[in-house]
Amino acid sequence: MYRIAVLISGTGSNLKSLIEDSKAAGLYEIAIVIADRNAKGINHASENSIPFLVLDRKDPLLSDKVLDAVKGTDLVVLAGFLSILKGQILKEYKDRIINIHPSLLPQFGGEGMYGLKVHEAVLKSGKLISGCTVHYVNEDVDAGRLILQSIVSTEGATTPEELQARVLGKEHETLTTAVRMLAMEGSARGMR
Ligand SMILES: Nc1nc2c(c(=O)[nH]1)N[C@@H](CN(C=O)c1ccc(C(=O)N[C@@H](CCC(=O)O)C(=O)O)cc1)CN2
Ligand SMILES: NCC(=O)N[C@@H]1O[C@H](COP(=O)([O-])[O-])[C@@H](O)[C@H]1O
């Protein structure tokens, strides 16, 4: 079975959709959930008997502790994870860490661009469309190869919260689709 680790920092709605999809699809299982703070989303793990680990985002060894915890998994999924990964994990898990970002990268990404800040910037820009992006993770924030994008209209969205809610709904289907694709590809490779 294709095993994934899911990393969170917040409410975990993307984690929740991955938990539901893993049960529905049977293509992958969530081996561990890791938070870099006492995130509400941990409740989704505990309610589904999924092992979880809470780390400290201020810990200089955070990335190394994440690497230790994800060993044995096939894919690491950053689902609202707000710490920047550094060092050995990026080498050992090259092309095996993905992230979901709430804009159409390369626009509105990079250091400092997370959560509502992204949607504020999109609305301020006057763009008629926004969306979300699943991409590979490398040492440069939000600069890895794109995997999947989904588009939403910004029409009628007057607050960042309204746009966030619209984009978040698309994130759930986009992230689960991307994970299914990688799980099928990984399982097929493993069969060769
Ligand atoms: N090596 C990488 N690590 C991470 C990436 C990445 O592409 N490469 N993506 C981020 C997720 N992300 C956008 O999708 C992102 C997350 C956080 C930040 C940011 O500026 N964070 C603040 C701290 C915020 C907090 O802890 O509350 C900061 O670092 O000062 C930007 C983009 C995940 N990791
Ligand atoms: N740059 C990273 C970033 O902004 N990630 C965003 O954090 C939210 C987490 O929501 P969730 O905890 O409900 O899944 C999501 O909107 C995700 O795109």
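Just so you know, ligand 1 is whichever comes first in the structure, and atom 1 is the first atom listed for that ligand. All values below come from the heavy atoms of this structure, side chains included, with hydrogens, waters and symmetry mates left out.
Residues Val33 and His44 form no side-chain contact, since every pair of their non-hydrogen atoms from C-beta on lies 4.5 Å or further apart. Contact of the Gln107 side chain with the Lys127 side chain is registered, since non-hydrogen atoms from C-beta on lie closer than 4.5 Å. Side chains of Ser125 and Phe108 form a contact here, defined as non-hydrogen atoms less than 4.5 Å apart. No side-chain heavy atom of Leu182 sits under 4.5 Å from any side-chain heavy atom of Asp74.
For Asn138, the heavy-atom gap to ligand 1 drops under 4.0 angstrom. Under a 4.0 Å heavy-atom criterion, Gly144 is not in contact with ligand 1. Taking 4.0 Å as the cut-off, Leu7 does not count as a neighbour of ligand 1 on heavy-atom distance.
Under 4.0 angstrom from ligand 1, the non-hydrogen atoms of Arg37 all belong to its side chain.
With distances taken over non-hydrogen atoms, the option nearest atom 11 (P) of ligand 2 out of Gly80, Gly110, Ser13 is Ser13.
Thr133 contributes a side-chain N or O that, together with a main-chain N or O of Leu105, makes up a donor-acceptor pair within less than 3.5 Å. Tyr93 contributes a side-chain N or O that, together with a main-chain N or O of Val70, makes up a donor-acceptor pair within less than 3.5 Å. With Thr159 contributing its side chain and Glu162 its backbone, the two residues share a donor-acceptor pair below 3.5 Å.
Within ligand 1, the atoms closer than 4.0 Å to a non-hydrogen atom of Gly110 are 31 (C), 32 (C), numbered from 1 in the order shown. Per-residue contacts place Asn99 under 4.0 angstrom from the following atoms of ligand 1 (heavy atoms of the residue considered): 9 (N), 11 (C), 13 (C), 14 (O). The ligand atoms of ligand 2 that sit less than 4.0 angstrom from a heavy atom of Gly115 are 3 (C), 4 (O). Against a heavy-atom cut-off of under 4.0 Å, His135 is close to the following atoms of ligand 1: 7 (O). The atoms of ligand 1 that sit less than 4.0 Å from any heavy atom of Val137 are 1 (N), 2 (C), 6 (C), 8 (N). Residue contact check: Val141 has heavy atoms under 4.0 Å from atoms 6 (C), 7 (O), 8 (N), 32 (C) of ligand 1. Listed by number with element, the atoms of ligand 1 under 4.0 angstrom from any heavy atom of Glu111 are 20 (O). Those atoms of ligand 1 with a heavy atom of Met113 less than 4.0 angstrom away are 31 (C), 32 (C). Shown in contact with Arg57 at under 4.0 Å from a heavy atom are these atoms of ligand 1, numbered in order with element: 25 (C), 26 (O), 27 (O). Contact atoms of ligand 2 toward Met113: 1 (N) (distance under 4.0 Å to a heavy atom of the residue).
Distance check on atom 30 (O) of ligand 1: every protein heavy atom falls at or beyond the 4.0 Å cut-off.
Polar contact check, His101 against ligand 2: a nitrogen or oxygen pair lies under 3.5 Å apart.
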